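Below is one structure; the comments refer to it alone.
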Amino acid sequence: MSRLPAPRLLLSAMLVCGLAACSGGDSAPTKEPPPIIKERQANFKAIGGAFKAVRGELESDAPDFALIAAKANDINARAQQIPNHFPALTSTEDDYDTEALPAIWKKPEEFKAAAAKLADESAKLATLAGGGDKEAVGAQAMAMGGACKGCHDQFRFDDEKK
Amino acid sequence: MSDTQPPLAARYRATPPDVSVWDPLLRLTHWSFPLLIPALWWTAENHKYALHKRLGLVLLGLLVFRLLWGFFGPETARFAQFVKGPKAVLAYLRGDRSAGPAVGHSPLGGWSTLVLLLAMLAQVSLGLFAGDPFDGATGPLNGLVGARLADTITELHETLFWAIAGLIGLHLAAICFYAAKGDDLLSPMVGGAIPPAEGVTGIGPTPWVRGVLACGLAAGLALWVAYGAPPIS
Ligand code: HEM
């Protein structure tokens, strides 16, 4: 194996890195997203956080059912917001950093129904949490999880499925 | 063949061969890091999780290989050769070059090697459990921990990256520091060898059989983890 002169190596490494940095910048979405995209993503993020808190509570021996009910109500209120957050030209095809698939605008009724289903399931969860039956609440939490998955499978971009 | 050019051949014979210090597998593993770490960062930033996960598993395999190589590889790859106690490190810092081996990592470089490898291993391991099944991508072992723990792990996975970036910065700064002192560490890490020097012998031939076995074991472990670590048999 031969020796190699370091300065030449460093120079070529710097060139490669420079090129990589330039090309990396290009392929990311370029447009600044309109406020509505940020708003809906923040809404989903809060839904995600609330559902995580619910599942976290259900992992303990004595779950705080009042907290679960509060989180379920929060999800319920946010689910009702979902249909207002998807104006035209804000899908993955519009070069924004979003995971909203064009299917949302192709099947608007189904999308609304999927949001309504989450509202339904979260309302049921809030009611059941008042009863304090851990098993029933756990089952309903998973049923609500099915509403997330059902909508994501159809309407949210998933890099792993393509 | 003819004896018209003996001076050149004689000169070749008179020059002792370069001293081999880093074996090819160690170097291949090393140079995969500066390719993989930025790629892992970029895929995470841009939500390319399918690729992020695949690259992470490749990195896991490479790190497991490097750890195995630290026990079964050539001298300069072995932890036993380069992980030294505080006395040797202090002596080295005071300028005593005999505190470390003639070839391979210095007592200080040995610790930086260990810390870099362990930090990357910790990062990859956290990634295996990270994510949330109701929010997109999850590591292959996410199902083995609860929602709360997974959430904490995900946050750690995000934070630890910056610690690793800091360590890499330190790593590059150290190499520049030595280069400025006229000590070229980069060329041997690329080419594997240093110029001949009096009384310095390099590593022996690469133990390829052990190398292939270690690669196989590392790849097997990474694949097993990729499938969610199912029970064996
Ligand atoms: C993601 C980036 C990097 C990581 C994680 C990393 C990690 C490591 C590790 C773990 C070692 C110990 C080698 C071993 O025994 O297996 C090492 C050594 C080394 N690395 Fe890197 N490295 C990175 C980037 C670079 C770059 C960009 C350069 C060159 C500019 C470089 C130059 C070297 C050199 C010269 C050594 C040998 C140091 C010595 O002689 O003791 N590394 N690196």
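Below, chains carry the letters A, B, ... as their sequence lines are ordered, and counting in each starts from 1. As the structure is a prediction and not an experimental result, all values here were calculated from the model.
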message: Check B:Asp151 with A:Lys52, please: is the shortest side-chain N to carboxylate O separation under 4.0 Å?
response: yes
- prompt: Minimum heavy-atom separation for B:Ala147 to A:Gly56, with atom names?
  reply: CB-N, 4.3 Å
query: Contact part of B:Leu185 toward chain A, heavy-atom cut-off under 4.5 Å: side chain, backbone, both or neither?
result: neither
task: List the steps, then state whether side chain to side chain contact (heavy atoms under 4.5 Å, CB included) holds for A:Arg55 with B:Phe134.
output: CA-CA 11 Å; A:Arg55 282 174 291 145; B:Phe134 297 95; 3.5 Å; yes
- prompt: Ion pair present between B:Lys53 and A:Asp159, side-chain N to carboxylate O less than 4.0 angstrom?
  reply: no
- request: Examine whether an atom of B:Asp135 lies under 4.5 Å from a heavy atom of chain A, and if so say whether it belongs to the side chain, the backbone or both; otherwise answer neither.
  value: both
Rounded distance [0.5 Å steps], OH in B:Tyr49 versus CD in A:Glu160: 10.0 Å
- request: Go through the steps for B:Arg148 and A:Leu58 under the test side chain to side chain contact (heavy atoms under 4.5 Å, CB included), then give the verdict.
  value: CA-CA 10 Å; B:Arg148 257 185 204 161; A:Leu58 287 165; over 6 Å; no
Max heavy-atom pair count under 4.5 Å with chain B, selected residue of A:Lys45, A:His152, A:Arg156: A:Arg156
